[in-house]
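One structure is given below, encoded as structure tokens.
Residue numbers run from 1 in the order of the sequence given.
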Amino acid sequence: QVQLVESGGGSVQAGGSLRLSCATSGYTYSFQCMGWFRQAPGKERERVARIDYDGSTFYVDSVKGRFTISQDNAKNTVYLQMNSLKAEDTAMYYCAAAQASRGGYCMYNYWGQGTQVTVSS
């Protein structure tokens with residue numbers, strides 16, 4: 001079975017850095033894209049970053065220049081490097097995978113359990 005497990009979350013001060021990891025297992029060769037989402041209490045889930053099978057990446061405007069999504073196919077792992085963290089980045093971060101895309105949008109159907117990121121001012 002396909003599983004996604006996030007790790008690397010924690011508490012940091014504003015301006016600090018964290019690297020989140022999403023380890024995948026099972027049959028993952030068909031993934032068209034993978035993404036990182038976040039959700040803070042009282043707010044809607046937000047797509048933070050995405051990486052496609054061809055290596056193309058996309059970011060929400062609020063994290064451009066600060067976050068970097070990457071993948072290590074040999075390790076079946078996707079990373080989210082987060083630099084210059086701000087208090088507004090505080091949220092539960094989730095890894096997601098999609099086996100299909102339509103019109104450039106990923107149809108995410110696999111999700112991890114999340115890892116908490118807390119940024120203090």
Taking I69's backbone N and O only, do any of them form a donor-acceptor pair with Y59's side chain (distance below 3.5 Å, no angle check)?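 Yes: the side chain of Y59 pairs with the backbone of I69.
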Closer than 3.5 angstrom, by distance alone: can the side chain of T115 be matched with the main-chain N or O of G9 as a donor-acceptor pair?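 Confirmed, T115 side chain pairs with G9 backbone.
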Determine whether [X] and [Y] fall in the same hydrophobic cluster, where Ile, Leu, Val, Met, Phe, Trp and Tyr are linked whenever their side-chain heavy atoms lie under 4.5 Å apart.
X    : Y   : answer
Y108 : L80 : no
V2   : M34 : yes
I51  : F31 : yes

Are any non-hydrogen side-chain atoms of [X] and [Y] less than 4.5 angstrom apart?
X    : Y    : value
E6   : L4   : no
L20  : M82  : yes
V117 : L18  : yes
T90  : Q116 : yes
N109 : Q99  : yes
F67  : V60  : no

Calculate, to the nearest 0.5 Å, the distance between atoms [atom1] and [atom2] belonging to [X] and [Y] respectively.
X    : Y   : atom1 : atom2 : value
R19  : S70 : CZ    : OG    : 7.5 Å
S21  : Q81 : OG    : CD    : 9.5 Å
N76  : S25 : CG    : OG    : 8.5 Å
T118 : M92 : OG1   : CE    : 8.5 Å

Scan residues 77-103 for pairs that pass ring pair (Phe, Tyr, Trp, His ring centres under 6.0 Å), counting only residues two or more places apart or in two chains.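 Not a single pair qualifies under ring pair (Phe, Tyr, Trp, His ring centres under 6.0 Å).
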Going by side-chain hydrogen bond (donor to acceptor under 3.5 Å, both in side chains), name the pairs with one or both residues in residues 44-53, residues two or more places apart or in two chains.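 Found R38-E46, R50-D52.
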Taking side chain to side chain contact (heavy atoms under 4.5 Å, CB included) as the test, write out the residues that go with S101, two or more places apart.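 For S101, no residue satisfies side chain to side chain contact (heavy atoms under 4.5 Å, CB included) once neighbours in sequence are set aside.
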Under the salt bridge (charged side-chain N to carboxylate O under 4.0 Å, His left out) rule, what pairs show up with a residue in residues 66-85, not counting sequence neighbours?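 Only R66-D89 qualify under salt bridge (charged side-chain N to carboxylate O under 4.0 Å, His left out).
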When clusters are formed from ILVMFWY side-chain contacts under 4.5 Å, directly or step by step, what else is grouped with V5?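 V5 shares its hydrophobic cluster with no other residue.
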Over all heavy atoms of both residues, which pair between A14 and S121 is shortest? Give the atoms and the distance, please.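 Closest heavy-atom pair between A14 and S121: CB-CA, 4.3 Å.
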Pairs flagged by disulfide (SG to SG under 2.5 Å) wherever residues 73-105 is involved - sequence neighbours left out: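 Listed once each, the pairs are C22-C95.
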Take F37 and W111 through the ring-ring contact (aromatic ring centres under 6.0 Å, His included) test and state the conclusion after the steps. CA-CA 10 Å; F37 293 75; W111 295 82; 4.8 Å; yes
